[in-house]
Amino acid sequence: VSEVLEALDHSSTLVFLDLAWPGSLPQPGSLPQPGSLPQPGSLPQPGSLPQPGSLPQPGSLPQPGSLPQPGSLPQPGSLPQPGSLTQPRSLPQPGSLAGSNRLHIQLSCNTTLGRQFVLLCTGQHSGSSYLNTKLLKVGYMGEPGECVIGGDYQYNNGEGGAALLSHQDDHQYQKSVSAGDVGSWRLLESHRSAQFYITTRDLPGRYQWSGIFSKVVKGMDVVRAAVNHSDITEVTVVDCGVVLTL
């Protein structure tokens, strides 16, 4: 972990969270199923259709006695069995829709909360991770400063989310409330410091929130759709990690 923190000390890191809730992803059965699309070689090939003059001529049709005789047709068991044909491999399978509801968050890793967020996206600190955590509640619903809260990797009910990094944070955090800000109201000594909020509405005026350490740069439509879901606690982080730049 120390090597990871050292690498992140003065860098800006892009992380992702994939969210899912009932009805947010295509349901099994709505995608093409294997075998439902034409198979390679089953479509007419150029030149394979009858050409003018190639239709049967009088006298060219099979004559009596030239038709297949009993016993000359394929017998049961000699035909391809179900599952013996090559199935298409390029069709999306149920459960392979990672990234359908993805948001990208740009972190400034010169803050302890920023570095802690990266560790919880990667699971590189004792396996603790935001993976499979749910969003907990919506604050100021429908009002300026509306935000969604999540990040309880311990109990998944809002009562946990202890700090991974125990040293005192002496970094200066931003103060702002605009849509897409990611921050924490909790001090590092708090038993809930890993919980975070993402704002979905600007809060105009002089009042500002502190503890902001990152910004959603892509996927705010996903966050707003989650906020509008009937039960915010059904929204789950189904994948998370660091976006690598090649």
Side-chain angles (χ1 to χ4, degrees), residues 1 4-19 102-122 124-125 128-130 133 135-153 158 160-224 226-227 232 235 237 240-245:
V1 173
V4 174
L5 293 178
E6 183 177 351
L8 293 175
D9 258 335
H10 303 290
S11 64
S12 177
T13 302
L14 188 66
V15 300
F16 71 89
L17 300 177
D18 285 347
L19 305 181
R102 174 165 295 183
L103 53 146
H104 287 170
I105 300 174
Q106 192 75 53
L107 290 158
S108 177
C109 289
N110 61 353
T111 65
T112 303
L113 285 175
R115 294 197 297 273
Q116 177 174 271
F117 198 93
V118 173
L119 292 176
L120 284 165
C121 284
T122 60
Q124 290 180 298
H125 191 289
S128 299
S129 172
Y130 286 138
T133 61
L135 299 186
L136 302 168
K137 65 179 179 178
V138 178
Y140 307 104
M141 182 70 173
E143 301 176 9
E146 177 187 81
C147 64
V148 64
I149 300 168
D152 182 358
Y153 69 89
L164 298 183
L165 306 179
S166 58
H167 62 277
Q168 176 65 37
D169 193 350
D170 56 358
H171 298 288
Q172 183 67 40
Y173 290 92
Q174 301 175 38
K175 291 184 177 182
S176 175
V177 180
S178 59
D181 286 342
V182 182
S184 175
W185 291 304
R186 315 295 180 184
L187 298 176
L188 280 172
E189 302 84 31
S190 168
H191 65 288
R192 294 186 286 179
S193 79
Q195 291 186 32
F196 60 88
Y197 64 81
I198 302 175
T199 57
T200 52
R201 291 175 183 257
D202 296 343
L203 179 60
R206 293 183 178 180
Y207 181 75
Q208 294 182 324
W209 293 343
S210 60
I212 294 170
F213 57 87
S214 56
K215 185 84 172 181
V216 176
V217 294
K218 183 180 179 182
M220 277 305 298
D221 56 326
V222 175
V223 184
R224 291 190 177 101
V227 166
I232 193 63
V235 181
V237 177
C240 54
V242 173
V243 178
L244 299 178
T245 303

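We use all heavy atoms of the structure for the numbers below, so side chains are in, but hydrogens, waters and symmetry mates are not.
Of all the heavy atoms in Ile232 and Leu136, the pair that sits closest is CG2-O, 3.8 Å. Nearest heavy-atom pair across Ala226 and Leu135 is CB-CD1, 4.4 Å. Of all non-hydrogen atoms in Cys240 and Ser129, the two that sit nearest each other are SG-OG, 3.8 Å.
Using a 4.5 Å heavy-atom threshold, the side chains of Val223 and Val148 count as touching. The side-chain heavy atoms of Asp18 and Val237, taken from C-beta on, include no pair separated by under 4.5 Å. Within the 4.5 Å cutoff, no side-chain heavy atoms of Phe16 are placed close to those of Leu103. At a threshold of 4.5 Å between non-hydrogen side-chain atoms, the residues Val15 and His104 do not count as touching. Put simply, the side chain of Arg115 does not reach to within 4.5 Å of the side chain of Val118, judged on heavy atoms. The closest side-chain heavy-atom distance from Ile198 to Cys147 is not below 4.5 Å.
Not counting sequence neighbours, Gln195 has no partner by the side chain to side chain donor-acceptor pair (under 3.5 Å) test. Judged as a salt bridge (charged side-chain N to carboxylate O under 4.0 Å, His left out), and not counting sequence neighbours, the contacts of Arg201 are Glu146.
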Sequence neighbours left out, cut at 3.5 Å: what donor-acceptor pairs do the side chains of residues 211-222 make with other protein atoms?
residue	atom	partner	partner atom	Å
Lys215	NZ	Ser178	OG	2.8
Lys215	NZ	Ala179	O	3.1
Lys215	NZ	Asp181	OD1	3.1

ask   = Could you go step by step and tell me if Leu17 and Ile105 meet the side chain to side chain contact (heavy atoms under 4.5 Å, CB included) rule?
value = CA-CA 8 Å; Leu17 300 177; Ile105 300 174; 4.0 Å; yes
task = Apply the test side chain to side chain contact (heavy atoms under 4.5 Å, CB included) to residues Phe196 and Leu113: give CA-CA distance (whole Å), side-chain angles for both, the deciding distance (0.1 Å), then the verdict.
result = CA-CA 10 Å; Phe196 60 88; Leu113 285 175; over 6 Å; no
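For the atom pair CZ of Phe117 and OG1 of Thr13, the computed distance is 11.5 Å after rounding to the nearest 0.5 Å. Atom-to-atom distance recorded for Leu164:CG and Gln116:CD is 4.5 Å, nearest 0.5 angstrom.
The backbone N or O of Leu107 lies less than 3.5 Å from a partner atom in the side chain of Ser12, making a donor-acceptor pair. A donor-acceptor pair under 3.5 Å is formed between the side chain of Tyr153 and the backbone N or O of Ala162.
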